[in-house]
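Chain letters run A, B, ... following the sequence lines, proteins first, then strands; residues in each count from 1.
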Amino acid sequence: MEYNFREIEKKWQKKWKDDKVYKVPNESTKPKYYVLDMFPYPSGAGLHVGHPLGYIASDIYSRYKRLKGFNVLHPMGFDSFGLPAEQYALETGQHPAVTTEKNIETFKAQLDKIGFCYDWSREVRTSDPSYYKWTQKIFLELFNSYFCNTQQKARPIADLIEKYKTQGNSNFTAEQWNAYTKAGQEAILMKRRLAFSSFGEVNWCEALGTVLANDEVVNGVSERGGHLVIKKKMRQWYLRITAYADRLLQGLETVNFSEPMKEMQRNWIGRSEGAEILFTLNPVPSPLGEKGDVETEREIDKETEKKGAALAPKYTVSSPMHYELAKKNRKDFTDAEDALWQAIRGSQLGAKIRRQHPIDAFIVDFVSLQDALIIEADGGYHENEEQKLYDENRTRILNEIGFTVIRFTNAEILSKIDLVKNQIKSKLKELSISKETQTHKQEAQGSEFSPPSPPRGEGQGLRSDTGLRCYTTRPDTIFGVDFLVLAPEHNLVSSITSAEQKAAIEEYLTYVKSRSDRERMSEVKQITGCFTGAYATNPFNGKQIPVWIAEYVLAGYGTGAIMAVPCGDQRDFAFAQHFNIPITNIIGNDFNGTEANATKEATLQNSDFLNGMLMKDAIGVAINKIEELGIGKRKVNYRMRDAGFSRQRYWGEPFPIVWKDETAIALSETDLPLTLPHAEKYGPGPEGEGPLANMTEWVQAPLSTSGEGQGVRETSTMPGYAGSSWYFLRYMDPHNSQTFCDRKASDYWNQVDVYVGGTEHAVGHLLYSRMWTKVLYDLGYIGFKEPFKKLVNQGMITGSSRLIYRYAWDFVKHPENFNSSSLPSIFVSKSKFEKWQKNDTQAIKEIRDFALELLKREVSNINEYSYLPEMSFYILRVDVNMVNGFELNVEEFRKWKNGEYSNAEFILEDDGKYICGAEVEKMSKSKYNTVNPDELCTQYGADTFRMYEMFLGPVEQSKPWDTKGIEGVHRFLKKLWRLFYTDINPATNTGGEPKWVDEKPTDAEYKILHKTIKKIEQDTENFSYNTAVAAFMISVNELADAKCYKKEILSQLLILLTPYAPHIAEELWAALGCEGSILDANYPVLNESYLVEATKEYPVSINGKMRSSINLATEATEEEAKQAVLSNDAILKWLEGKEVKKFIFVKGRMINVVV
RNA sequence: GCCCCGGUGGUGAAAUUGGUAGACACGCAGGACUUAAAAUCCUGUUUACAGCAAUGUAAGUAACGGUUCAACUCCGUUCCGGGGCACCA
């Protein structure tokens, strides 16, 4: 017998398939174990050697756990919706379903060649209607749920509706709710749904008529075509992942992810504590000169009313019903309200105050219409979370309409009525002054109606005539504020800009519109910004602060406005320097004037009541003061935004949503799956919607819920992460047609024990699937809160591209009658190219002479150097598969690309080889640096391939691929084979006889085995597979040296090897005549007693430098060691008779003598 | 720019987690077997210097500095490479 891996692997793969050995039951007496790979996107390029790295690692672990007696779930599937298939369809007209199917077949065949132990009967494909039916179903669950702030969990939206119907909330009574139109109710509910629709910005390319991914936008233009890309607001779906921010943060404590991985997620969520501070904005002269009259604008807009209360434009009252309700309310006063009314009624404060007055969707407690000031009296603000949210929303909407809202608690009114009165009085005064000078009103926003809610949930859309909210984590630096910066998209920008600055601001806004978020964040060195002409007042010291806009402030974070403290923040500092804004120093000598110091340890100066305090202590003091003065409040902020959930694409899950009168209506579960209609064209819809918008028949849909009327379907589709957010559940119960995963199945398999995948998913996919898991848990569908117990990250295998250097036949002076492109290409070997780069005259001459000879040959009678172009080179990439190490296979190269270079000429190295340059970069078909695992499996076998990929280095480490070393691993397997069979002599065709014997092994042989058991078990548990492979090599080398062919040793070794090289292990196991399949053998048990050593060779250092070694008994004490060492001649020589100051003895490790 | 990871011979890497730097391989060089090649086996292989040699001495884990009896490992600064930054998956 010889090691014929091709036959062996084919034989066992067939047998394992026929015997269904990888089929996993959902019921077993064994303990369960769930090992999962991140499933691949089946790209057209097929599998390259980078893909299997993680798969092999998880396969080894699965097989290992199986040998250890577990019922192991190890499934595989395909994340088969996605952009590349659609792009391909756009280019070739081939339907994504067809190409995807083809790609999956290729992937599966490739995966099977490597011998993975997947239970293919559980395969899932996200683009399969039987799968995405359940993606749609879970979307509906998200749509039909809200996040209850009291219980901090998802609950059915029906609960909320019931509550509104019977109790109302702080904004409206039950009666009011019931009187709202359906559309109005839906608009309010939309603000609470976990999957909700709103407006958000997308990369819009007018020329292509489509939305682009950030990836497809480079320097403000489309990657393909170079067309201008701008930001555009579009209706989008979102997942309210921000509601889960805290739970996602806390959940990290319960999972076994690497610390950096957790850190990345924490940073992504970006929880910060600080304060929101209200800066009053000073009046600016009107650029429009338009006089707004509050009273006359305040008319009932019936058209808007239909769209629902929350969608109403400014200065309206929602419904006549409100007047009725308000009247009723006036008879029903609380004590506090009454007390306040008595104190401010009539015009005693210089303004006419009305009580219980309808404004927009609300009935406010008190209002001065003249000054647009609303005074609210309630205790709600400080009660519970839900109440607080409503109050904030209400305030925000009223702000948007143009009112200033001040709020007092019942306690404040009842106990300090004079103080309250004074505050109202001064506010009124402030407002009336502002009104006198500020004669213009804000322009209406561009969009047809204002968004029901910005993606962030709140914070944007702030539109107050008088206040600007800034979020800061450093309220202690309030006295160091030298300017305010708004995001260019901030709603206030247009209204605060002065006439003088209007042109400059508009120019700046045009510039910003063309900039991607990525660019705005990364090019910080390039400082840009524009002064608005407006000033704000520092609420603590009345200082006038200029208000700027700048692209480094992003609209999506915080309130979209920051207070800039140049002495404490480097970006603020750079900005101040660039625009010559004077800097206030509040930290004395801790600020050196040349760069900001972000310390929290400095002592504050120039800071009024904070003077002398350490900054870190001052933070809390400042927040308390801010709250006390009512100019802001303590605030927790998250960097994370709600997740955009719609794509203007074809190849994704259709939304089970029908729109009717701007209201989203969900399909019922019985209408699922809503299948993706077959498309003939994949171009964008008329207004940049997804391609589905072009299917006019499909778009028209009956309203399944009511059965009456027609609606239009949602035409965007779900993003790639929809299907991948829950696929690990479907594997548990893949064929269930009643539900996405039976609770019994998910209770049995529970969490994924080990999840293997790349770090590139650190935040996206992992956070989304964690959120979905929490929602499904909240709704009672599954019994665990985190999907993945342990995460193992595999590194990326990068390609090592091979470069060749082509002489450039770019003629300056054309000899007559020929064109340079017909000349054979000349390729210069690496070292000669490099010499040319260094101006080496000899190399230059060689190349020139070569070129001239060629020219003479091709074009007769040319014999002058002057005909040669100035020397330059093109660097091309060649297919790495034509290169052996760095040596180009010239013959193959000539045949490459259908003979494009068939007449190529080469200037070789002096040893006659063509040597290529190299560059490490991402593996990609276009760089010709991909290596196909199929060919390696054919050439060396799956077992060799598997072990070699593991031998390359630690699983989690990125490394360039190099096929060369695979020989070493292949040799190892052949050497292993020769432990079982004698060598074959091809001349005589003899040999290949079994070698094994059934004899009792010696202790030395047992020691080799048990050393290996220990090392392999440890390394396998720790995913340290590269060192495990090395241990196998050592073991086989030692057994070969010891001429140990004993069955007992060899059979145990085979079991250890099974996870790594299952085919050869099974073959030799059968050859030895062992029982059953080795896949289900019992894992060897370590016996430490074989490993005990009597003596140990201790290294001895003198002053920390290794000088000698000494053999001591393993059990030697420090005293014994000291005696032995100080009487050892070799060591005494080093001591040179100096006095021993210190003697360090680490048992079992080393000895150090300090002299 | 921000967040995370990494940098050790010609190459992939190892180092019991602060204790003999370079295990195990690849490559290369030399040798054995062979008519020859393949396959296999043996020897050497961090660098510099000295030596016929065994060997010895010195330096050495991106660079510089620090902590320690002892640093690839811990701390600080800098440089370089990779991944992510919300519509690639």
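Comparing B/rU20 with B/rG60, their C1' atoms sit 15 Å apart, to the nearest whole Å. Using atom P as the reference point in both B/rU67 and B/rA15, the two lie 29 Å apart (nearest Å). For the C1' atoms, the distance linking B/rA53 with B/rA62 amounts to 37 Å, nearest Å. The separation of B/rC26 from B/rC33, taken at their C1' atoms, amounts to 24 Å, rounded to a whole angstrom. For the P atoms, the distance from B/rC52 to B/rC41 is 36 Å, rounded to whole Å. A gap of 31 Å separates the C1' atoms of B/rU46 and B/rG83, to the nearest Å. On the P atoms, B/rA59 is 15 Å away from B/rA70, given to the nearest whole Å. Spacing of P atoms, B/rA71 relative to B/rG65, comes out at 14 Å, to the nearest Å.
When heavy atoms are screened at a 4.0 angstrom cut-off, A/P719 is found touching no nucleic acid atom at all. Nucleic acid contact for A/V211: base, since at least one base atom lies under 4.0 Å from a heavy atom of the residue. Nucleic acid contact class of A/P40 (heavy atoms, under 4.0 Å, all strands): none. Within 4.0 Å (heavy atoms only), A/E263 reaches sugar-phosphate atoms of the nucleic acid but no base atom. As judged by a 4.0 angstrom heavy-atom cut-off over every strand, A/K974 is placed among residues touching the sugar-phosphate backbone only. Nucleic acid contact for A/R1107: sugar-phosphate only, since backbone atoms but no base atoms lie under 4.0 Å from a heavy atom of the residue. Counting non-hydrogen atoms under 4.0 angstrom, A/G82 reaches the backbone sugars and phosphates but no base. Across all strands, A/S43 comes closer than 4.0 Å to no nucleic acid atom at all (heavy-atom distances). Nucleic acid contact class of A/Q1018 (heavy atoms, under 4.0 Å, all strands): none.
Contact annotation: A/Q957 does not reach the phosphate of B/rG6 (side-chain N/O to OP1 or OP2, under 4.0 Å). Contact annotation: A/K1142 side-chain N/O to B/rC69 OP1/OP2 distance is under 4.0 Å. For B/rA13, the OP1/OP2 oxygens have no side-chain nitrogen or oxygen of A/K959 closer than 4.0 Å. OP1 or OP2 of B/rC88 has not a single side-chain nitrogen or oxygen of A/R647 nearer than 4.0 Å.
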Would you write out the dot-bracket form of RNA chain B, 5' to 3', with Watson-Crick and G-U pairs under 3.5 Å, [ ] for crossing pairs, | for pairs to other strands and . for unpaired bases? (((((((..(((......[....)))((((((.......))))))(((((....)))))..(((((..]....))))))))))))....
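Among residues two or more places apart in sequence or in another chain, the salt bridge (Lys or Arg N to Asp or Glu O under 4.0 Å) test is passed with A/D79 by none. For A/R978, the salt bridge (Lys or Arg N to Asp or Glu O under 4.0 Å) test picks out A/D983, with sequence neighbours left out. Considering only residues two or more places apart in sequence or on other chains, A/E1017 meets the salt bridge (Lys or Arg N to Asp or Glu O under 4.0 Å) condition with A/K68.
We find the CD-CD distance between A/E1021 and A/Q1018 to be 9.5 Å, quoted to the nearest 0.5 Å.
Ring centroids of A/F575 and A/Y552 are separated by less than 6.0 Å, placing the two rings close together.
Note on ring orientation: taking the six-membered ring where Trp is involved, the planes of A/F1023 and A/Y1025 are tilted (angle from 30° to 60°). Between A/Y3 and A/H970, the ring planes are tilted. Angles from 30° to 60° get that label.
Nearest-nucleotide positions on RNA chain B place A/T798 closer to the 5' end than the other of A/S80 and A/T798. Both A/L952 and A/F39 lie close to RNA chain B; mapped to their nearest nucleotides by heavy-atom distance, the more 5′-ward contact belongs to A/L952.
Rounding to whole angstrom units, CG of residue A/N4 and P of B/rA39 are separated by 17 Å. Taking atom CD on A/E760 and atom C1' on B/rC5, their separation rounds to 13 Å, with Å as the unit. In this structure, NZ of A/K231 is placed 10 Å from C1' of B/rA86, rounded to the nearest angstrom. Taking atom NE2 on A/H970 and atom P on B/rA38, their separation rounds to 16 Å, with Å as the unit. Atom CZ of A/R978 and atom P of B/rU40 are 6 Å apart (whole Å). Computed from coordinates, the A/D1019 CG to B/rA15 C1' distance equals 13 Å when rounded to whole Å. Protein atom CG of A/L554 is 12 Å distant from nucleotide atom C1' of B/rA86, rounded to whole Å. Look at CD on A/E86: it is 13 Å from P on B/rC88, rounded to the nearest Å.
If you check the side chains of A/T759 and A/N793, you find no donor sitting under 3.5 Å from an acceptor.
Put simply, the side chain of A/V955 reaches to within 4.5 Å of the side chain of A/Q794, judged on heavy atoms. You'll find the side chain of A/I1102 stays beyond 4.5 Å of the side chain of A/K1105, heavy atoms only.
Base orientation for B/rU47: anti, the chi torsion being more than 90° from 0. B/rG9 has its base syn relative to the sugar, with a glycosidic angle deviating from 0 by at most 90°.
Taking each heavy atom of A/V763 and A/M264 in turn, the nearest pair found is CG1-O, 3.6 Å.
In this structure, of B/rA86, B/rG84, B/rA89, it is B/rA86 that holds the atom nearest to the side chain of A/W268.
Applying the 3.5 Å distance criterion, the base of B/rC87 shares a donor-acceptor pair with the side chain of A/Q648.
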Please evaluate residues A/S724 and A/Y768 with respect to the criterion side chain to side chain donor-acceptor pair (under 3.5 Å), reporting the C-alpha separation (whole Å), side-chain torsions for both, the decisive distance (0.1 Å), and the verdict. CA-CA 9 Å; A/S724 62; A/Y768 299 133; over 6 Å; no
Can you give one letter per nucleotide of nucleotides 19-29 of chain B, going 5' to 3': B for a protein heavy atom under 4.0 Å from the base, S for sugar-phosphate only, - for none? BB--BBSSS--
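Under the side-chain hydrogen bond (donor to acceptor under 3.5 Å, both in side chains) criterion, the residue pairs touching residues 946-957 of chain A are A/D59-A/R946, with sequence neighbours excluded.
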